[in-house]
A.B. asks: 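The structure that follows is given in the form of structure tokens.
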Amino acid sequence: MRPTLVLIPGWLCDSVVWAEQVRALEPFAHSVIADHGHRDSLEAMATAVLAMDLPERFSVAGHSMGGRVALEIVRQAPERVDRLALLDTGFQARPSDESGERERSLRMTLLQLARRSGMRQMGVEWSRLMIGDNASPALKEAVLDMVERRSVEQCEAQVRALLNRPDATSLLRSIKCPLLLACGREDHWSPLACHEEMRDLVKGSRLEIIEGSGHMTTMERPEAVSSILREWLQWSNHSGVAPEDSERGAP
């Protein structure tokens with residue numbers, strides 16, 4: 001039987017962010033995509049995933065905010081997670097210093113833009129931080145279409161969730177299941193250095209670098225992401241120890 005793979009979207013994203021992976025991984029896993037609705041905490045989002053009609057044990061892959069939700073799933077029910085993949089995400093709480101205030105100001109500025117000018121216009125500003133320099137016009141439009149499908153109320157709820165996110169440092173140290181980390185080389189929002197820290201916290205984890213991609217790796221370099229997830233489903237079925245870290249060039 002194919003394992004069940006729960007795919008968790010990030011901030012303002014929906015099933016489109018995982019569409020290419022669902023198709024590519026169909027022979028290897030039964031994919032289920034989470035929907036955060038109007039939930040305004042990472043903990044509530046994780047609880048909602050655990051309440052879905054899932055087998056007792058499943059695999060989890062989260063992108064961006066979805067990676068933080070995936071970590072909360074492990075916090076709440078570690079015995080149910082067979083393997084974990086975290087893509088373009090982070091693990092620390094919002095800093096209490098000036099950098100944390102800058103983050104809060106940026107998120108609130110985007111939220112105010114959404115209220116004033118609509119979600120698509122907010123998405124134009126947001127996507128400048130998220131998408132790599134080599135992204136095609138079609139990809140940029142697909143991202144904007146996805147953001148536009150979210151409501152201002154959902155945007156506000158997810159902003160609250162991210163600003164009040166819990167720290168996952170000690171949780172990462174406790175992870176026993178096979179862990180894959182992946183990050184776009186040009187991801188300036190959730191940079192490579194953060195993923196290297198996570199790798200160092202979890203013995204046996206593997207870090208993959210997606211070349212030629214910014215933050216939206218699943219859409220910018222779908223073949224590369226699908227390839228590493230397919231290998232992750234396979235290597236974690238054996239020894240539970242990841243192969244060496246590697247770098248993935250643009251397909």
A.B. asks: Side chain of E72, backbone of A46: donor and acceptor closer than 3.5 Å?
C.D. replies: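 Pair absent, no side-chain N/O of E72 close to backbone of A46.
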A.B. asks: Can you check whether E223's main-chain N or O pairs, donor with acceptor, with S227's side chain at less than 3.5 Å?
C.D. replies: no
A.B. asks: Starting at CE of M219, measure out to CD1 of I131 and round the result to the nearest 0.5 Å.
C.D. replies: 7.5 Å
A.B. asks: Using a 6.0 Å cut-off, check whether atom CD of E98 has over 12 heavy atoms from anything other than its own residue.
C.D. replies: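 It does not: E98 CD has 12 such atoms or fewer within range.
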A.B. asks: With no hydrogens and no angle check, is any side-chain donor or acceptor of E101 less than 3.5 Å from a backbone partner on S96?
C.D. replies: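 Answer holds: no.
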A.B. asks: Using 4.0 Å as the upper bound for N to carboxylate O, is an ion pair formed by E79 and K176?
C.D. replies: no
A.B. asks: Quick one: does R80's side chain have a donor or acceptor within less than 3.5 Å of a partner on P55's backbone?
C.D. replies: yes
A.B. asks: To the nearest 0.5 Å, tell me how far L42 CG sits from R160 CZ.
C.D. replies: 12.5 Å
A.B. asks: Please check if the side chain of D40 supplies one atom and the backbone of A157 the other of a donor-acceptor pair under 3.5 Å.
C.D. replies: no
A.B. asks: What are the two closest heavy atoms between C194 and T89, and how far apart are they?
C.D. replies: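 That would be SG-O, 3.8 Å.
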A.B. asks: Quiz question: by atom type and distance under 3.5 Å, do the side chains of E20 and T218 form a donor-acceptor pair?
C.D. replies: no
A.B. asks: L5 and V60: side-chain contact (heavy atoms from CB on, under 4.5 Å), yes or no, with the steps?
C.D. replies: CA-CA 6 Å; L5 172 59; V60 183; 5.9 Å; no
A.B. asks: Please examine the side chains of I175 and L172, heavy atoms only from C-beta on, and report whether any two atoms are closer than 4.5 Å.
C.D. replies: yes
A.B. asks: Does Q121 use its side chain to pair, donor to acceptor, with the backbone of G118 at less than 3.5 Å?
C.D. replies: no
A.B. asks: Identify the heavy atoms of A182 and I228 that sit nearest to each other, and give their distance.
C.D. replies: CB-CD1, 3.5 Å
A.B. asks: So which heavy atom on D82 is nearest to which on C177, and how close?
C.D. replies: O-CB, 3.4 Å
A.B. asks: Would you say V124 ends up clustered with M146 if hydrophobic residues are merged whenever their side chains have heavy atoms under 4.5 Å apart, either directly or through other cluster members?
C.D. replies: no
A.B. asks: Hey, are the side chains of R116 and L113 touching, using non-hydrogen atoms and a 4.5 Å cut-off?
C.D. replies: yes
A.B. asks: Under the criterion side-chain contact (heavy atoms from CB on, under 4.5 Å), I'd like the reasoning laid out for R107 against L162: C-alpha separation, chi angles, the key distance, then a yes or no.
C.D. replies: CA-CA 9 Å; R107 293 192 188 277; L162 286 165; 3.3 Å; yes
A.B. asks: Report yes or no: do V16 and L144 belong to one cluster of Ile/Leu/Val/Met/Phe/Trp/Tyr joined by side chain heavy-atom distances under 4.5 Å?
C.D. replies: no
A.B. asks: To the nearest 0.5 Å, tell me how far M198 CE sits from C183 SG.
C.D. replies: 8.0 Å
A.B. asks: Looking at E26 and R2, does any basic side-chain N land under 4.0 Å from a carboxylate oxygen?
C.D. replies: yes
A.B. asks: Which is it for V143 and D145 under the side-chain contact (heavy atoms from CB on, under 4.5 Å) test, yes or no, and what are the steps along the way?
C.D. replies: CA-CA 5 Å; V143 171; D145 289 344; over 6 Å; no
A.B. asks: Is the ring pair W18/H63 parallel, tilted or perpendicular, if the boundaries are 30 and 60 degrees?
C.D. replies: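 Perpendicular, since the angle between the ring planes exceeds 60°.
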A.B. asks: Less than 4.5 Å apart, side chain to side chain, heavy atoms only: is that true for P3 and F58?
C.D. replies: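 Of all side-chain heavy-atom pairs linking F58 with P3, none is under 4.5 Å.
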A.B. asks: For M216, is there any backbone N or O sitting under 3.5 Å from a side-chain donor or acceptor partner on E220?
C.D. replies: yes
A.B. asks: How many angstroms lie between CZ in R39 and CE in M45, if you round to the nearest 0.5 Å?
C.D. replies: 8.5 Å
A.B. asks: Taking side chain as C-beta onward, heavy atoms only, is M1 less than 4.5 Å from H30?
C.D. replies: no
A.B. asks: May I ask you to test the R75-P166 pair for a side-chain heavy-atom distance under 4.5 Å?
C.D. replies: yes
A.B. asks: How far apart are the closest heavy atoms of H36 and G10, and which atoms are they?
C.D. replies: CD2-O, 4.5 Å
A.B. asks: Before you tell me yes or no, could you show the steps for R83 and L233 under side-chain contact (heavy atoms from CB on, under 4.5 Å), namely the whole-Å CA-CA distance, both residues' side-chain angles and the distance that decides it to 0.1 Å?
C.D. replies: CA-CA 8 Å; R83 56 183 76 81; L233 289 167; 3.8 Å; yes
A.B. asks: Specify the closest pair of heavy atoms between L84 and W232, including all atoms of both residues, with the distance to one decimal.
C.D. replies: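 Closest heavy-atom pair between L84 and W232: O-NE1, 3.3 Å.
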A.B. asks: Taking atom OG of S127 and atom CG of L139, what is their separation to the nearest 0.5 Å?
C.D. replies: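 Here the interatomic distance stands at 9.5 Å.
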A.B. asks: Heavy atoms only: give me the nearest S205-R199 pair and the separation to one decimal.
C.D. replies: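 Taking every non-hydrogen atom into account, OG-O, 3.2 Å.
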A.B. asks: Does a salt bridge link R165 with E103, judged by any charged N lying under 4.0 Å from a carboxylate O?
C.D. replies: yes
A.B. asks: Does V22 reach the side chain of S31, with side-chain heavy atoms less than 4.5 Å apart?
C.D. replies: yes
A.B. asks: Run the salt bridge (Lys or Arg N to Asp or Glu O under 4.0 Å) check on E211 and R221 step by step: do they pass?
C.D. replies: CA-CA 8 Å; E211 298 292 348; R221 293 292 179 262; over 6 Å; no
A.B. asks: To the closest 0.5 Å, what do you measure between CG (L86) and CG (L180)?
C.D. replies: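 Here the interatomic distance stands at 8.0 Å.
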A.B. asks: Between H215 and D88, is there a side-chain donor-acceptor contact under 3.5 Å, judged purely by atom types and distance?
C.D. replies: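 Note: D88 and H215 side chains miss the donor-acceptor criterion.
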A.B. asks: Any carboxylate oxygen within less than 4.0 angstrom of a Lys/Arg side-chain nitrogen, looking at E208 and R206?
C.D. replies: yes
A.B. asks: Please examine the side chains of H195 and S190, heavy atoms only from C-beta on, and report whether any two atoms are closer than 4.5 Å.
C.D. replies: yes
A.B. asks: Should R185 and L192 count as side-chain neighbours, where that means a heavy-atom distance under 4.5 Å?
C.D. replies: yes
